Amino acid sequence: MAAKIEQTAIESFAKEVEEAGGGRAAECYQCGKCSAGCPVASFMDLLPHQVVRCVQLGMRDEVLRSATIWVCASCLTCTTRCPKEFEIAHLMDILREISVREGKVSVRQKDKLRFHRAFLRSVESHGRIFELGMIQNFKMRTAAKQALRDPRVLMQDAMMGKGMLFKRKLRFLPETIKGKKHVKRIFDRVRRLEKSKGKK
Amino acid sequence: MARIGVFICHCGENIARTVDPIACAEAAKKMRGVVHAVEYKYMCSDPGQQMIKEAIAEHRLTGVVVAACSPQMHETTFRRASAEAGLNPYLCEISNVREHCSWVHEDKAAATEKGIDLIRVMVEKVKKNEELQPIKVPVTKRALVIGGGIAGIQTALDIANGGHEVVLVERTPSIGGHMAQLSETFPTLDCSQCILTPRMVEVGQHPRIKLYVYSEIESVDGFIGNFEVKIRQKAKSVDTKLCTGCGACQQVCPQKKIPSEFDVGLGTRTAIYSPFPQAVPNKPVIDRENCLRFRAARKKGIPIDECTVCGKCYEECPIEPRKAVDFSQTDEVVTEKVGAIVVATGFELYPTDAYGEYGYGKHPDIISGLEFERLASASGPTTGEIRRPSDGSVPKNVVFIQCVGSRDNAKGIPYCSKICCMYTAKHTMLYKHKVHDGQAYVFYMDIRSGGKNYDEFVRRAIEEDGAVYLRGRVSRIYRKEGRLVVLGVDTLSGKKVEIETDMVVLATAMQAQPQTDKLAQTLGIPYDQYEFLSEAHPKLRPVETNTAGVMLAGACQAPKDIPDAVAQGSAAASKVLGIFSSDELEREPVVASVDENICFGCLACKEVCPYGAIEEKEIKDRDGNVVRVVAQVNPGVCQGCGLCVAACRANCIDLAGFNDEQVYAEIKAL
Amino acid sequence: MKVGYYPGCSVEGTAREFGISVRKSCELLGIELVDLDDWSCCGATAAHNTSHLLSVALPGRNLALAEQQGLDKLLAPCAACSNRLIAAHKEMTESDTLRSEIADLIEMPYSSSVKVLNYLELILNYGMENLASKVTRKLADFKVACYYGCLLVRPPKIVEFDDAENPQSMDRIVTALGAEAVDWEYKVECCGGGFTISDPKLVETLSHDVIENAEAEGANAIAVSCPLCHANLDMKQAAINARFHEKRKMPVFYVSELVALGCGATPEEAGINKHFVDSYALIR
Amino acid sequence: MAENDWNPKIIAFVCNWCTYAGADLAGTSRLQYDVNVRAIRLPCTGRIDPLFIIKAFEQGADGVLVSGCHPGDCHYSSGNYHARRRWTVFSELLRFFGIPEDRVQFAWVSAAEGRKWADLVDEVVAKVRELGPFTAYRELETTEVI
């Protein structure tokens, strides 16, 4: 079915993205240099320049539900080489944020979000990353699913995990810092501020 | 008692949309001295001009103010109309209510208010205007053409064949420019040198063309019809009067490994050299940087005639008794008087080593479009065979990349270089015609092939010669086992692509010759932020600059292909011939004059005058004794900048058309 | 020479040898490291992938602390940390609204007085001649492919460090240590970064290509200055070999380990024993 | 006077060859800019007598803008150079007449810089708005002279 192109959709999405700090998508002339240099392009459903294109055309859901915004490894090659000096990697950040807020995160990419969440949860509660705890936390939620998709994963991670322990690279207890509560407060305040912003 | 008429133009809707003409007319009627104010749809139209003429007669007007477009556009129209009605044209002034008002503001009320102000300013000014008579100046009917590329050659030939002398100045040892370096030309694929060299020879033989090669412009003084130009002839170290161009000297020169400018470094030349076989003039020069004798002399710190190193070229020179080779020659500065100047200094290519993602010119097999021309040219270093600079092998495939530097804000060049789409298509054909089993790939953003038979040409490259076009920019090129890997994208299929190739050709951006800004400053003509020279009007005065008597031709004004450059060359020539068509020129009477009764001869004015238009004049009593010295302006030389007026300590100099009274009147009106 | 020190989480954990070798090398070079008291996590990729405010606030806290502690220079060896700290610093410096917003969030002011350094920058400032003069063990057998990855040099407008396409700083350092720096093509390609655990396939593919090119260009070791790069190239090398049915053993060093070794530290003092891929072969 | 119902009066002295043409270009390119500037055309900034500017303020201007060719690009080869030399002593004169320097702005706008002209005008107007009306001389008029 043909995608509907509507002025309101185009304008409102462009405005939304720009106000969120994602830049003016209209500046992109679709040369594709970002896609050409993207190391993870082969894992994407939309190429980076197509993401910008969708923003230009107000195709909101296509972008927010895309795997691409989560496949992006934030390596910043696109931003560095863009002839129009458009900060495409940052646009990805912005789109991820909106995608999370609206619960549109691509199903196949949920692991990335789960990992980020596990990571941040760990930081929120300890002030620093408690790697073992985080890995455990993450694996509990995802290992089973991953194993179904790619059985080698378990085995490989096992290899790595074993090594980590054997090489004394993982602590069993989190380091605790004085500012623990302070960091927690920062998380709370950020959440509150973002809520109020989201409402606007 | 002043009797001013005010005429407000609607310019269709252009002015009327935001500046209310009726309100303006009403307001104008109330202004002191205004006896007549009307508005009309198109003041510049015949009926519009007729209204002005009739009003002048009917209301016995002593001044006219037309509120319309910029004076750059129709000032002459309305002044001529006034003159036809018997009013001195310099009693007609323009209020610029379009470019400076209606086009740049949206709020109708505010814009109208501003429009009325702009009218009042001119009403007050015109009240103070005086009748002026245009100044007549003689014309030197010789032209100077700067730059010996195809544009300069065309201009010079057209002017010379039009019956006037031309001084043609070229920086390098030969005329021909970039066109001489090209192999074939689009969209016809005819050999570039085959069509260029006849023109070069014609220039060389032309009785009315005086050719200065290996020369540069030192200074330019004067004004339209009367320029005085100083030209520096760099020392050729060869007496061109004696030299027959036999070439014996080049045979024996031991310095054989100097990268040839003509072959863009792909070939070599000797230290005493003439850039290419068909050079005009075909007389060598010694490149003093690389000549062994000059090097030795510099090293030892001794004068060149005491240096005895090498000298093979001198010994070999067959001319007797005095040899043509002359080491002790020095730069020479000559002065030429001309009436008009045409600038045709052309372009250069953006360097290939400016791209980190393409390896900073590290890889010898990544070359520029111009280098490819030399590879493909029969007169080139490979005698027309396409071979890799790195190992001389024939590339099995070649990747061409367009818009390298062009349309690239990050590289500071947002403009399109115009010719790359076409010459890249040409390159793919040349390559296919020479390497039948080879494959050409082209990365492009858009194909810009507007022009007679241009798009057909590109289609031919794709449909008949099988060039594969991919839409997208290349992000990176890197080495892999002696080949190059090109990481690109084809946005049409939505695929990231990777091509292993033997050679990459970058269609790098066209930019103005270095130092173009310096030249522009010498000539007092404007240029844009990319150092391209600015034409007087983007559409209607494409070859004139806003300095009278100075024209533009070719790529010094903007990226151009050969047909455009040639067309502009002829256009510039016709402008010059126009100037030369009369013995005298009429010039705006905007000149300064001194009130000798007040002047106490401090001559501060003389110091600041850029044109040396101010002389000392001795006032004598009846016995012929000098009583005092005063300043005197030569109206033929004065250009009306007004520097002297502002500099005058006695307030005794004033500038016709912009005198103090007029300016104060304008300020008061606001 | 006295410099503030922000270790960062991974340097205290999975990248322990990085921390060990940074401290050791600085000790040997006579650079005094003053630890940042009570530092907290910078938020890393997780933060800036999900919350812009958080991605500035978390580094913001540490910058503000450094300011309080009067540290004008702050060494952050982890490329991810330094990148986040610099980015946050820049953003707050450029936008007063954001600066005050963050100040409220972290309940501390920040007046942009802290200059964040990555490890390469620190050694560069120390001077190549000075470094060479401290070398007691020439790393003559090393043919090093210096791997910068993403976060050290990108985006150039933010990090303003070295050349984004062909960086040289690490090459100069290893050369000063008597090793040979190989000219290769994957210096600034991406290894998959923070996806080590969340997207193994992606990481293993990218990292594989990096190691492959290094080997193809004649390197017998890879040098990095980023825990993510090291995790993906060293810890994951077994997994990579498994996925691509290869048997490569390419030792991957932190540049700080090489500096420590060059200046006379024992392999253990430099943390070599913590590598997954055995790395003793080249050390004499 | 309240910010909003006051519109600053700004007089611009521009040279014919660069800035006037630049302003024309802004027009042909339809670049919108603030309406509160009135330009007076002169052949060259070198023609500007400092007294013009004093006069402008005496006539009730709140700000003055002087703009010509870029250094080295003068149509009359050295006009703007002499102009600039004059401005260096000009500030003295301003002080003498009690005119704050920040109400006078000098700029270079070439014939190719339509955008720059538009931005310059907006910038100057914004600046003068902040400074508020220039009342010094108007007060003079009203005060009794004994």
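Note that the structure is predicted; figures quoted are calculated from it, not measured. Per chain, numbering begins at 1; letters A, B, ... match sequence-line order.
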[atom1]/[X]: more than 12 non-hydrogen atoms of other groups inside 6.0 Å:
{"X": "B:Q662", "atom1": "CD", "value": "yes"}
{"X": "B:E106", "atom1": "CD", "value": "no"}
{"X": "D:K127", "atom1": "NZ", "value": "yes"}

Legend entry - Selection from D:C15, D:G46, D:A112, D:A111 maximising heavy-atom pairs under 4.5 Å formed with chain B: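 Heavy-atom pair counts peak at D:G46.
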Inset, instruction - Pick whichever of D:N36, D:V121, D:L31, D:T45 has the most heavy-atom pairs under 4.5 Å with chain B. - result: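 Looking at each of D:N36, D:V121, D:L31, D:T45 in turn, D:L31 comes out on top.
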Inset, instruction - Can you tell which part of B:A520 gets under 4.5 Å to a heavy atom of chain D, answering side chain, backbone, both or neither? - result: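 Contact with chain D involves no heavy atom of B:A520 at all.
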Inset, instruction - Select one option (side chain, backbone, both, neither) describing which atoms of B:N14 are under 4.5 Å from chain D's heavy atoms. - result: side chain
Legend entry - Chi angles and distances behind the salt bridge (charged side-chain N to carboxylate O under 4.0 Å, His left out) call for D:D49, B:R649: CA-CA 11 Å; D:D49 184 326; B:R649 297 174 189 143; over 6 Å; no
Legend entry - Backbone of B:V121 reached by a side-chain donor or acceptor of D:R38 within 3.5 Å: no
Inset, instruction - Mark yes or no for whether B:E99, through its side chain, and D:R30, through its backbone, hold a donor-acceptor pair below 3.5 Å. - result: no
Which atom of [X] lies closest to which atom of [Y], heavy atoms considered:
{"X": "B:C641", "Y": "D:C44", "answer": "O-CB, 3.6 Å"}
{"X": "B:G640", "Y": "D:P43", "answer": "O-CB, 3.4 Å"}
{"X": "B:V663", "Y": "D:R47", "answer": "CG2-NH2, 4.4 Å"}
{"X": "B:I667", "Y": "D:F52", "answer": "CD1-O, 3.6 Å"}

Would a 4.5 Å heavy-atom cut-off, applied to side chains only, mark [X] and [Y] as touching?
{"X": "D:N16", "Y": "B:Q72", "value": "yes"}
{"X": "D:Y33", "Y": "B:H105", "value": "yes"}
{"X": "D:Q59", "Y": "B:L670", "value": "no"}
{"X": "D:K55", "Y": "B:K668", "value": "yes"}
{"X": "D:L51", "Y": "B:Y664", "value": "yes"}

In Å, rounded to the nearest 0.5 Å, how long is the span from [atom1] of [X] to [atom2] of [Y]?
{"X": "B:E666", "Y": "D:R41", "atom1": "CD", "atom2": "CZ", "result": "9.0 Å"}
{"X": "D:N7", "Y": "B:E113", "atom1": "CG", "atom2": "CD", "result": "7.5 Å"}
{"X": "B:D117", "Y": "D:K9", "atom1": "CG", "atom2": "NZ", "result": "8.0 Å"}

For chain D, find which of [options] contributes the most heavy-atom pairs closer than 4.5 angstrom.
{"options": "B:C609, B:P71, B:A111, B:C69", "value": "B:P71"}
{"options": "B:D660, B:I525, B:L118", "value": "B:D660"}
{"options": "B:P610, B:P526, B:S102", "value": "B:P610"}
{"options": "B:T547, B:D107, B:V590, B:L523", "value": "B:T547"}

Inset, instruction - Output yes when D:D24 and B:R98 qualify as a salt bridge under the 4.0 Å nitrogen-oxygen rule, no when they do not. - result: no
Legend entry - Engaged part of D:Y20 at the chain B interface, taking heavy atoms whose separation is under 4.5 Å: both
Inset, instruction - With a 4.5 angstrom heavy-atom cut-off, could you sort out which part of D:L42 is near chain B: side chain, backbone, both or neither? - result: both
